[in-house]
Participant: 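Starting off with a structure, shown below.
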Amino acid sequence: MASYLISYDLRKPARNYDSLYAVLTQYQAVRSLQSVCLLDSGQNAAQVRDTLRSHMDADDGLLVIEIGQLWASYGLLNNSGAWLQKRRP
């Protein structure tokens, strides 16, 4: 299972993104910054991207990065620093 950093820009604030948030909840994503989440998945990065992308508009932005051994953080939300520490090899 891989750990991913998900960053997204939702460029139509008036749009209903509830289905996107529901998918992130299904992934048990942890919000670490305003539009950044961390999640574990048995899917590869492209599959996670495609799943999330299907709940976004064409002009929204999405970045999916597999988290490796090296990272640093500051001021994260929801105790997500501890989430990352548990996944460090």
Side-chain angles (χ1 to χ4, degrees):
M1 184 167 295
S3 297
Y4 295 101
L5 181 144
I6 311 297
S7 180
Y8 54 87
D9 286 339
L10 305 177
R11 297 182 179 132
K12 291 184 182 174
R15 182 173 182 260
N16 182 343
Y17 286 101
D18 288 347
S19 67
L20 173 63
Y21 302 136
V23 172
L24 289 169
T25 298
Q26 289 173 357
Y27 275 119
Q28 298 180 334
V30 175
R31 183 168 311 283
S32 57
L33 295 170
Q34 185 65 32
S35 61
V36 177
C37 294
L38 305 169
L39 60 86
D40 293 324
S41 178
Q43 296 177 313
N44 64 40
Q47 291 169 319
V48 172
R49 177 206 58 209
D50 292 346
T51 298
L52 296 174
R53 176 69 194 95
S54 69
H55 298 274
M56 301 172 76
D57 286 337
D59 64 344
D60 291 335
L62 177 63
L63 178 63
V64 178
I65 299 174
E66 185 171 351
I67 300 169
Q69 295 180 28
L70 302 175
W71 55 267
S73 65
Y74 173 78
L76 301 180
L77 303 173
N78 301 317
N79 203 25
S80 52
W83 185 97
L84 284 164
Q85 285 288 10
K86 289 179 184 176
R87 284 142 183 92
R88 182 174 266 171

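Sequence positions, counted from 1, serve as the residue numbers for this chain.
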Participant: Looking only at heavy atoms, what is the nearest atom pair of Gly75 and Leu33, with distance?
Facilitator: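 Of all heavy-atom pairs spanning Gly75 and Leu33, the closest is O-CD2, 4.2 Å.
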
Participant: Working to the nearest 0.5 angstrom, can you tell me the gap between Arg49 CZ and Met56 CE?
Facilitator: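 Interatomic distance, Arg49 CZ to Met56 CE, rounded to 0.5 Å: 12.0 Å.
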
Participant: Roughly how far apart are Leu24 CG and Ser19 OG, rounded to 0.5 Å?
Facilitator: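 That separation rounds to 10.0 Å.
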
Participant: Rounded to the nearest 0.5 Å, how far does CG of Asp40 lie from CE of Met1?
Facilitator: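 Met1 atom CE to Asp40 atom CG measures 6.0 Å (nearest 0.5 Å).
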
Participant: How close do Arg15 and His55 get, counting heavy atoms only, and between which atoms?
Facilitator: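 Distance-wise, the nearest heavy atoms are NH1-O, 3.4 Å.
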
Participant: Please report the closest heavy-atom contact between Gln47 and Gln43, naming both atoms and the distance.
Facilitator: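 Closest pair (atom of Gln47, atom of Gln43, distance): OE1-CA, 3.3 Å.
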
Participant: Test your reading of the model: is there a side-chain donor-acceptor pair from Asn16 to the backbone of Asp18, 3.5 Å cut-off?
Facilitator: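 The answer is yes, because a donor-acceptor pair under 3.5 Å joins these two groups.
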
Participant: If you round to the nearest 0.5 Å, how far is CG of Leu84 from CD1 of Ile67?
Facilitator: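 It is 5.0 Å, given to the nearest 0.5 Å.
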
Participant: Closest heavy-atom contact between Ala45 and Tyr4?
Facilitator: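 Here Ala45 and Tyr4 meet closest at N-OH, 3.2 Å.
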
Participant: Atom CG in Leu5, atom CG in Leu63: separation rounded to 0.5 Å?
Facilitator: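 The CG atom of Leu63 is 7.0 Å from CG of Leu5, to the nearest 0.5 Å.
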
Participant: Would you say the side-chain atoms of Asp60 pair up with the backbone N or O of Arg11, donor to acceptor, closer than 3.5 Å?
Facilitator: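 Here the side-chain-to-backbone pair exists.
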
Participant: May I ask you to decide if Cys37's main-chain N or O and Tyr8's side chain share a donor-acceptor pair within less than 3.5 Å?
Facilitator: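 Side chain of Tyr8 to backbone of Cys37: no pair is present.
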
Participant: Out of curiosity, Leu52 CG to Leu39 CG, how far, rounded to the nearest 0.5 Å?
Facilitator: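 It is 7.0 Å, given to the nearest 0.5 Å.
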
Participant: Please check if Ile6 and Leu20 belong to a single hydrophobic cluster, counting links between Ile, Leu, Val, Met, Phe, Trp and Tyr side chain heavy atoms closer than 4.5 Å.
Facilitator: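 Yes, because Ile6 and Leu20 connect within a single hydrophobic cluster, where side-chain heavy atoms sit under 4.5 Å apart.
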
Participant: Do you know the tightest heavy-atom contact between Thr51 and Ser54?
Facilitator: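 Shortest heavy-atom separation between Thr51 and Ser54 comes out as O-OG, 2.7 Å.
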
Participant: With hydrophobic residues grouped by side-chain heavy-atom distances under 4.5 Å, do Trp83 and Val36 end up in a single group?
Facilitator: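 Same cluster.
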
Participant: Are Leu38 and Leu10 connected in the hydrophobic side-chain network, where two residues link if heavy atoms are under 4.5 Å apart?
Facilitator: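 No: no chain of side-chain contacts under 4.5 Å links Leu38 to Leu10.
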
Participant: Can you see which heavy atom on Trp71 is nearest to which on Gly81, and at what distance?
Facilitator: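 The answer is CH2-O, 4.2 Å.
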
Participant: With clusters defined by side-chain heavy atoms of hydrophobic residues (ILVMFWY) lying less than 4.5 Å apart, directly or transitively, does Tyr21 cluster with Leu62?
Facilitator: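 Yes: a chain of side-chain contacts under 4.5 Å links Leu62 to Tyr21.
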
Participant: Taking Arg31's backbone N and O only, do any of them form a donor-acceptor pair with Asn78's side chain (distance below 3.5 Å, no angle check)?
Facilitator: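 Yes: the side chain of Asn78 pairs with the backbone of Arg31.
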
